[in-house]
Trainee: 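Following this message is one structure expressed as structure tokens.
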Amino acid sequence: MPPSSDSLSARCTTGACQIDLSNAPALRAGVLAFAAARAGRLDVLVLDLTRTRFMDSQGARLVEDVRHGLPPGVLLRVVARPDGVPYRVLEVTGVRRDVPVHDDLSGALA
């Protein structure tokens, strides 16, 4: 979905190979600042976890905190490999019931 003057879909790649207690607060702040800078134009925020190799419950909390911290009307979608740790953590913690998790970016933006 190409950005327009009316709406914007943005992809936020954590770039982190792991998400845990040591970096989750900084990642949360960075993602929310990314969204806040686009408030009023942002419709969908895609959190790309495809390069994340380790994630504990702090990663699930990060996703939930981002979901609740987004500007009103902004949808959160996550991209995670089905065979990856983030996908399994989001499944086990129940976050997938609240946030759509897609296998690839094109699915998240559809």
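Keep in mind it's a predicted model, so treat the numbers as computed, not measured.
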Trainee: Which heavy atom in Ile19 sits nearest to a heavy atom in Ala24, and how many Å separate them?
Mentor: CG2-CB, 4.2 Å

Trainee: Under 3.5 Å, side chain of Arg88 to main-chain N/O of Asp83, donor-acceptor pair present?
Mentor: yes

Trainee: Checking Asp103 now: which residues fulfil side chain to side chain donor-acceptor pair (under 3.5 Å) with it, not counting sequence neighbours?
Mentor: none

Trainee: Give me the atom names and distance for the closest heavy-atom approach of Pro25 to Leu21.
Mentor: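 Shortest heavy-atom contact: CD-O, 3.6 Å.
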
Trainee: If you round to the nearest 0.5 Å, how far is CG of Asn23 from CZ of Arg28?
Mentor: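 The CZ atom of Arg28 sits 10.0 Å away from the CG atom of Asn23.
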
Trainee: Going from CD on Glu91 to CZ on Arg97, what distance comes out if it is rounded to the nearest 0.5 angstrom?
Mentor: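 Between Glu91 CD and Arg97 CZ, I get 8.5 Å after rounding to 0.5 Å.
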
Trainee: When you look at Val101 and Val63, which way does the side chain to side chain contact (heavy atoms under 4.5 Å, CB included) test go after all the steps?
Mentor: CA-CA 11 Å; Val101 178; Val63 172; over 6 Å; no

Trainee: Working to the nearest 0.5 Å, report the span between OG1 of Thr50 and CG of Leu105.
Mentor: 8.5 Å

Trainee: Under the side chain to side chain donor-acceptor pair (under 3.5 Å) rule, collect the residues that match up with Glu64, sequence neighbours excluded.
Mentor: Arg67, His68

Trainee: Linking I/L/V/M/F/W/Y whenever any side-chain heavy atoms sit under 4.5 Å apart, do Val89 and Phe54 land together?
Mentor: no

Trainee: What closest approach, in Å, do Arg41 and Ala37 show between heavy atoms, and which atom pair accounts for it?
Mentor: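 Taking every non-hydrogen atom into account, NH2-O, 4.3 Å.
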
Trainee: Verify side chain to side chain contact (heavy atoms under 4.5 Å, CB included) between Val99 and Val66, making sure each step is shown before the conclusion.
Mentor: CA-CA 10 Å; Val99 178; Val66 167; over 6 Å; no

Trainee: Please report the interatomic distance CG(Leu47) to CZ(Arg77), rounded to the nearest 0.5 Å.
Mentor: 13.5 Å

Trainee: Checking side chain to side chain contact (heavy atoms under 4.5 Å, CB included) for the pair Leu70/Leu76: CA distance, chi angles, key distance, verdict?
Mentor: CA-CA 8 Å; Leu70 288 174; Leu76 176 64; 3.8 Å; yes

Trainee: Is there a chain of hydrophobic side chains (I, L, V, M, F, W, Y, each step under 4.5 Å between heavy atoms) that links Leu109 to Leu75?
Mentor: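 Per the 4.5 Å side-chain linkage, Leu109 and Leu75 are co-clustered.
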
Trainee: Can you tell me how far apart CZ (Arg81) and OG1 (Thr52) are? Round to the nearest 0.5 Å.
Mentor: 9.5 Å

